[in-house]
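Scroll down for the structure; my scribbles are underneath it.
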Amino acid sequence: RFDFEARLDSGDARLQLRTAAGARLDARLRGGEALAGTVAGLSLSEVLDWLPSPQAAQLAAYKPTGTLAGRFEWTAGAGGGHAVIEGQVDEAGFSSADGLQAGEHLGAAFRLEARAAGTRWEWHSYFDWQRGAAFIDPLYVEAGPRLEAEGSVDGATLQVRSAHLQAEGLGRLAASA
């Protein structure tokens, strides 16, 4: 199901999308200056349908499972834009054909926030692995690691200024440039 409504006089628009599998996407554009929305119940296997063919085929080989929910927002401003993407992955899993890479009951929270500064975007992100376990031969890792990073993007150049990994048994590992 697809619903779209636009007001040409104000630049406001609303989009509601429901997939056959039950995922929901709701988004609002306000005056061409702000976009905000939510995603709920999106199957990770459905995400493959939205990716370019070569990448989708590579990821499909791992038979991804689980769902994605989250929110996104973007606002324009005199000094530049601001964007936030955050969400939660639940009951995710994957496995390679040979069984040497697999994960079950995975759950994670993530956030990416960025602000425009001229042609450059300053960003901060985190990924918090909350549930499940993964086997990537020869390593078996259980939930718990948290990764935070920040940096900038300017054109095709991605710079990571600092990154922090925190994990049980490791403590905290930090790197900066």
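Computed from heavy atoms alone, side chains included, the values below leave out hydrogens, waters and symmetry copies. All figures in this text were calculated on a predicted structure; none of them were measured in a lab.
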Expected output: side-chain Ser95 to main-chain Gly99 donor-acceptor under 3.5 Å:
no

Could you grab the distance from atom OG of Ser45 to atom CZ of Phe94, nearest 0.5 Å is fine?
15.5 Å

Gln88 side chain vs Phe110 backbone, donor-acceptor pair below 3.5 Å
no

Measure across Ser125 and Leu112 and return the closest heavy-atom pair with its distance rounded to 0.1 Å.
CB-CD1, 3.9 Å

Minimum heavy-atom distance between Arg161 and Gly151, given as atom pair plus value
NH2-O, 3.4 Å

What is the minimum heavy-atom distance between Leu48 and Pro64, and which atoms define it?
CD1-CG, 3.8 Å

Look up atom CD in Glu91 and atom NE2 in His105, then write down how far apart they are to the nearest 0.5 Å.
6.0 Å

Is there a side-chain contact (heavy atoms from CB on, under 4.5 Å) between Tyr62 and Gln101? Walk through the geometry before answering.
CA-CA 8 Å; Tyr62 287 89; Gln101 300 171 18; 3.0 Å; yes

Look at atom CD of Gln55 and say whether more than 12 heavy atoms of other residues, nucleotides or ligands are closer to it than 6.0 Å.
yes

Would Asp90 and Thr67 count as having a side-chain donor-acceptor pair, cut-off 3.5 Å?
no

Note, Phe72 side chain near Val84 side chain (heavy atom, < 4.5 Å):
no

Interatomic distance, CZ@Arg111 vs CH2@Trp123, rounded to 0.5 Å, equals 14.0 Å

Taking Trp129 for its side chain and Arg131 for its backbone only, find out whether a donor-acceptor pair lies under 3.5 Å.
yes

On a heavy-atom basis, which atom in Tyr126 and which in Glu148 lie closest, and how many Å separate them?
CB-CG, 3.7 Å

So Leu15 and Phe2, side-chain contact (heavy atoms from CB on, under 4.5 Å) or not? Walk me through it.
CA-CA 8 Å; Leu15 168 70; Phe2 178 86; 3.3 Å; yes

Which residue in the set Arg18, Arg71, Arg1 passes salt bridge (Lys or Arg N to Asp or Glu O under 4.0 Å) when paired with Asp26?
Arg18

Quick one: OG on Ser152 to CG on Leu158, what's the gap to the nearest 0.5 Å?
7.5 Å

